[in-house]
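Single-structure report; data block below.
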Amino acid sequence: MSLLRQHLIDPEICIRCNTCEETCPIDAVTHNEDNYVVDADKCNYCMDCIAPCPTGAIDNWRLVNEPFTTEQQFEWDELPEENTEALSDSDTPDDDDEVRELLAQAHAGVRARAPDSAGKPLLNMFTRSAPARARVVGNYRITAEDTESDIRHIVLDFGATAFPVLEGQSVGILPPGQTGTGKPHKMRLYSVASPRDGERPNHNNLSLTVKRVNGGVASNFICDLNKGDEVEVVGPFGDSFLMPEHPDANIIMICTGTGSAPFRAMTERRRRKQPDANGRLVLFFGARTPNELPYFGPLSKLPDSLIHKELVFSRLPDADKEYVQHRMKARGNLLGELLGNSHTHIYICGLKGMEQGVEESLHMIAEKHGLDWPVLRDDMVRLGRYHVETY
Amino acid sequence: MTALKQEVNYDDLIPNNVNLSEDRRLRKALEAWHPGFIDWWKDMGPDGFQDTPVYLRTAVGVDPKGWAEFGYVNMPEYRWGILLAPAEEGRTIPFGKHKGEPVWQEVPGEYRAMLRRLVVIQGDTEPASVEQQRHLGKTAPSLYDLRNLFQVNVEEGRHLWAMVYLLHKYFGKDGREEAENLLKRTSGDKDKPRMLGAFNEETPDWLSFFMFTFFTDRDGKMQLESLAQSGFDPLSRTCRFMLTEEAHHMFVGESGISRIIQRTCEAMNEAGITDPTDVEAVRKLGVMDLPMIQRKMNFHLAVTLDLFGNEVSTNAASAYEAGIKGRYQETRIDDDHQLHNDTYAVLKVVDGELKMVEETALNAINARLRDDYVKDAEGGVKRWNKLIKKAGFDYELSLPHIAFNRQIGEFSGLFVSPDGAVIDQSIFEANRGTWLPTASDLAYLDSLMRPVTEPGQYAGWIAPPKVGIDNKPGDFEYVRLAG
């Protein structure tokens with residue numbers, strides 16, 4: 001059975017100002033004497049109505065088997081409860097299990113929750129049975145040609161289709177074709193590397209950071225894409241690894257390789273929208289060499305007033321191997337001070353192997369500053385201030 | 001002033017979609033006006049909060065994605081933009097004797113005075129409400145409400161800019177003088193008051209503020225809607241964009257009163273009070289009793305209805321005929337949009353009694369707009385009553401009769417009860433305290449007006465909102481107060 005994410009208006013909050021009806025480009029919003037409602041047969045999720053709504057009533061969604069008719073909605077005094085039965089395993093959207101499994105792996109060990117001040121993510125708008133189609137408008141290698149790692153910056157344009165994402169969310173790419181046993185290829189999830197208003201502000205596009213993996217169907221498919229090619233995209237996914245929008249929020253970002261993608265998005269969001277925010281951005285970013293560190297050039301140019309950068313290399317000639325966890329210890333005073341601040345959020349993204357070392361460093365730094373790390377960590381997890389996404 | 005001019009980059013300062021960078025004459029005019037506006041804002045805008053960062057919405061474009069940019073702003077640095085709704089290609093004048101002709105991009109000479117007058121009246125109300133509300137910041141029931149007050153204020157400021165843009169761009173020297181005068185009149189001033197009565201009333205407390213935004217800003221919505229129909233396209237496009245912001249003001253009013261009612265009902269239930277008219281008991285709880293809310297409604301509706309002018313008006317008829325100001329949602333009305341053969345039933349005073357009288361539809365334009373207004377306002381009242389009923393109380397709020405306590409138009413000088421009975425002055429006076437706010441109501445309200453400045457905390461007489469602004473969490477610091 002297929003589920004629909006239905007767009008609804010909360011009648012208790014709506015003040016019938018007609019703004020949404022006026023704004024909707026395809027007349028999907030209508031009203032009677034009591035309520036303004038969205039016609040599920042017409043709404044195409046373009047989201048034009050969301051920002052102009054003065055009340056927030058417009059931003060409501062329910063997973064349903066059968067959409068509520070406009071007549072039903074006209075009668076409501078309040079929104080119906082979320083129908084949890086509709087969410088039972090047997091009824092989930094066709095590719096939800098696949099996504100859930102991938103996300104569960106990525107978030108293993110941490111019961112994730114979004115930060116309080118994060119934006120509200122939209123989820124599963126496009127599914128395997130009804131994917132969005134995007135056109136490739138850019139495919140750039142961002143590691144030096146003479147290095148082993150081929151990491152690409154891919155820009156996808158969604159044309160007239162709205163595909164709203166928040167920084168930290170992922171999208172799924174469906175490689176075309178089938179496996180030897182006749183099943184469709186598995187989807188792969190990629191963190192979005194651009195902020196919500198697009199790789200270019202106010203263009204309906206987003207970017208991904210993709211590393212070519214030897215023998216990987218999806219990554220080779222993506223890394224070989226040409227400008228103008230079409231790809232099938234599903235999602236967006238992920239409702240916890242999201243950036244806090246409170247301007248006082250400190251964001252500690254710890255990553256290796258393509259794990260930098262969500263941090264590129266978060267940093268760019270801060271740069272565009274809150275350049276004067278009080279909260280600090282601190283980045284620990286590990287790679288083998290500068291030539292293999294994705295976005296090395298542009299990243300180096302970001303001013304220290306926006307982001308404190310610690311670029312860490314493990315294969316520099318004439319230097320000892322250094323990993324992010326080492327550098328974190330070396331910056332123990334900075335991190336210790338931030339750990340004691342209730343506005344601090346930690347994000348870890350990259351290879352699974354890094355997680356343990358990073359955690360040990362945090363533990364050590366916390367103790368040194370008189371903080372009980374296991375308690376602090378649990379607190380941070382509970383409050384959506386500690387996030388891990390590894391693969 | 002020269003120094004200031006050099007410092008200000010007007011392209012950055014004034015988000016606009018009117019090609020400001022290429023219109024030298026207009027730039028020059030606005031550059032001359034801008035310092036005076038900033039002085040006015042500092043003198044007459046929110047008192048005590050000029051250097052406070054407030055989480056505000058700024059419109060930087062007119063497309064759905066560009067016009068709600070949120071961030072902390074110190075109000076004098078708010079980017080008051082000049083934004084017109086996108087032009088509709090091939091738009092024709094939708095009503096009046098020019099119906100079907102292409103809309104005007106310049107002011108037609110014959111309608112110049114009439115248009116200027118309408119723009120000036122509209123423009124005069126915008127700074128007036130900022131002036132009326134300037135002391136409210138000191139008694140805000142929460143940071144959330146404080147932020148909403150300031151959002152309303154800066155948007156009224158932007159609406160002033162919108163009208164000043166029209167005056168500067170299309171009305172030459174006269175326009176510039178009128179734009180100057182918009183900063184010279186002051187709400188409630190004995191010598192130079194604002195042009196309309198309701199905009200010289202005080203807004204001393206937050207119940208008054210919510211009532212004002214619910215009732216009086218709703219008149220603004222109706223006026224803007226009818227001007228959005230105008231054949232003078234720049235006026236139409238300006239007003240269309242203003243309407244999207246005006247919606248926020250309606251929201252502040254309607255939800256503010258909802259939250260007051262909700263809190264009152266909760267408190268009465270907690271205390272086991274079953275009779276909402278047991279005012280003494282209710283006031284002991286530190287919440288606003290429903291009968292007082294009813295009296296405030298009575299007052300604010302009457303004052304606002306006066307803004308619609310004479311019910312039967314040849315001025316309004318002329319503006320309609322000329323294609324300058326239409327009816328509410330003109331294009332959705334199914335008639336010939338010229339009204340030469342139509343009539344409209346208007347409530348009038350005939351031999352001391354209230355009677356419906358058929359008037360020519362043209363002369364009844366104001367009466368019709370007022371009727372549409374009352375219908376629009378009733379929607380909110382219905383919502384409030386649902387809250388009261390849901391909480392288990394047998395009490396209904398209602399709009400008073402349109403002839404109640406009126407000072408302008410058909411019913412001025414007449415004594416009418418809230419339920420519409422024509423009565424003697426003596427009976428009216430004997431009931432004044434039941435129907436209109438009393439000195440003790442105002443003193444009680446005043447006693448409740450104590451600021452709450454902790455993020456996420458609310459004064460005891462108002463419930464927290466159901467959702468935050470811009471989806472923010474409950475304890476979000478909407479206003480960063482110093483210290």
Side-chain angles (χ1 to χ4, degrees), chain A residues 10-20 22-25 31-36 46-60 77-79 114-121 162 164 196-198 201-202 204 244-248 272-278 343 383-384, chain B residues 53 55 57 59-73 85 148 151 155 214 218 221 225 228 240-241 243-255 258 262 329 375-376 378-380 382-383 386-387 389-390 465-477 480:
Chain A
D10 187 336
E12 285 185 286
I13 302 175
C14 170
I15 57 155
R16 309 161 313 283
C17 68
N18 203 55
T19 308
C20 50
E22 195 70 40
T23 307
C24 181
H31 69 277
N32 71 349
E33 219 170 80
D34 294 319
N35 290 344
Y36 276 73
C46 77
M47 304 287 152
D48 276 6
C49 56
I50 303 294
C53 171
T55 67
I58 195 89
D59 198 5
N60 279 284
D77 285 339
E78 54 192 57
L79 281 181
D116 275 345
S117 66
K120 194 171 173 183
R196 67 191 75 177
D197 57 343
N202 301 319
N204 191 17
E245 291 178 28
H246 197 296
D248 288 343
R272 286 184 194 172
K273 296 292 169 181
Q274 298 177 316
D276 303 321
N278 275 335
H343 286 297
L383 295 169
Chain B
Y55 192 72
R57 175 181 80 180
V60 295
V62 293
D63 60 303
K65 291 185 176 63
W67 84 275
E69 203 178 86
F70 285 90
Y72 285 95
V73 181
N148 281 349
Q151 183 74 55
E155 284 177 355
F214 182 83
R218 190 176 306 277
K221 167 184 160 179
E225 233 286 335
R240 265 190 287 148
F241 189 68
L243 276 169
T244 27
E245 292 166 320
E246 202 69 25
H248 173 259
H249 309 182
M250 309 285 99
F251 158 69
V252 170
E254 180 168 332
S255 64
S258 287
Q262 192 189 329
Q329 303 195 326
K375 211 169 133 198
D376 200 56
E378 268 166 356
K382 209 165 148 184
R383 209 57 70 86
K386 276 186 188 169
L387 284 173
K389 200 172 161 199
K390 202 172 162 188
K466 214 177 150 194
V467 288
I469 294 295
D470 191 28
N471 252 322
K472 291 301 174 212
D475 60 352
F476 186 74
E477 195 178 5
R480 289 202 200 136

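These numbers come from the heavy atoms of this one structure, side chains and all, not from hydrogens, waters or symmetry mates. So that the names make sense, note that chain A is the first sequence line, chain B the second, and so on, each numbered from 1.
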With sequence neighbours excluded, residues passing side-chain hydrogen bond (donor to acceptor under 3.5 Å, both in side chains) with B:H248: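 Partners of B:H248 under the side-chain hydrogen bond (donor to acceptor under 3.5 Å, both in side chains) test: none.
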Less than 4.5 Å apart, any side-chain heavy atom of [X] and any of [Y]?
| X | Y | result |
| --- | --- | --- |
| A:K120 | B:V467 | no |
| B:K472 | A:E245 | yes |
| A:N18 | B:Q329 | yes |

Please walk me through it: do B:K389 and A:D77 pass side chain to side chain contact (heavy atoms under 4.5 Å, CB included)? CA-CA 12 Å; B:K389 200 172 161 199; A:D77 285 339; over 6 Å; no
Given heavy-atom pairs under 4.5 angstrom as the criterion, report whether the side chain, backbone, both or neither of B:R218 touches chain A.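 Answer is neither: B:R218 stays 4.5 Å or more from chain A.
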Engaged part of B:K382 at the chain A interface, taking heavy atoms whose separation is under 4.5 Å: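 Just the side chain, heavy atoms under 4.5 Å.
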Side chain from CB out, backbone as N, CA, C, O: work out which of these in [X] comes under 4.5 Å of a heavy atom of chain B, or both, or neither.
| X | result |
| --- | --- |
| A:D276 | neither |
| A:T19 | side chain |
| A:N60 | neither |

Spatial distance of atom [atom1] ([X]) from atom [atom2] ([Y]) [nearest 0.5 Å]:
| X | Y | atom1 | atom2 | value |
| --- | --- | --- | --- | --- |
| A:Q274 | B:F70 | CD | CZ | 12.5 Å |
| A:C14 | B:E254 | SG | CD | 8.0 Å |
| A:R16 | B:M250 | CZ | CE | 11.0 Å |

Selection from A:I50, A:D34, A:D197 maximising heavy-atom pairs under 4.5 Å formed with chain B: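 Most pairs with chain B among the choices: A:D34.
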Identify which one of B:R383, B:K466, B:K386 satisfies the salt bridge (charged side-chain N to carboxylate O under 4.0 Å, His left out) criterion when paired with A:E12.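 So, applying the salt bridge (charged side-chain N to carboxylate O under 4.0 Å, His left out) to A:E12 and each of B:R383, B:K466, B:K386, only B:K466 qualifies.
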Can you name the nearest heavy-atom pair linking B:F251 to A:I15, along with the distance?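 So the minimum-distance heavy-atom pair works out to N-CD1, 3.2 Å.
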Top contributor to chain A contacts, counting heavy-atom pairs under 4.5 Å, from B:G468, B:A247, B:G71: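 Heavy-atom pair counts peak at B:A247.
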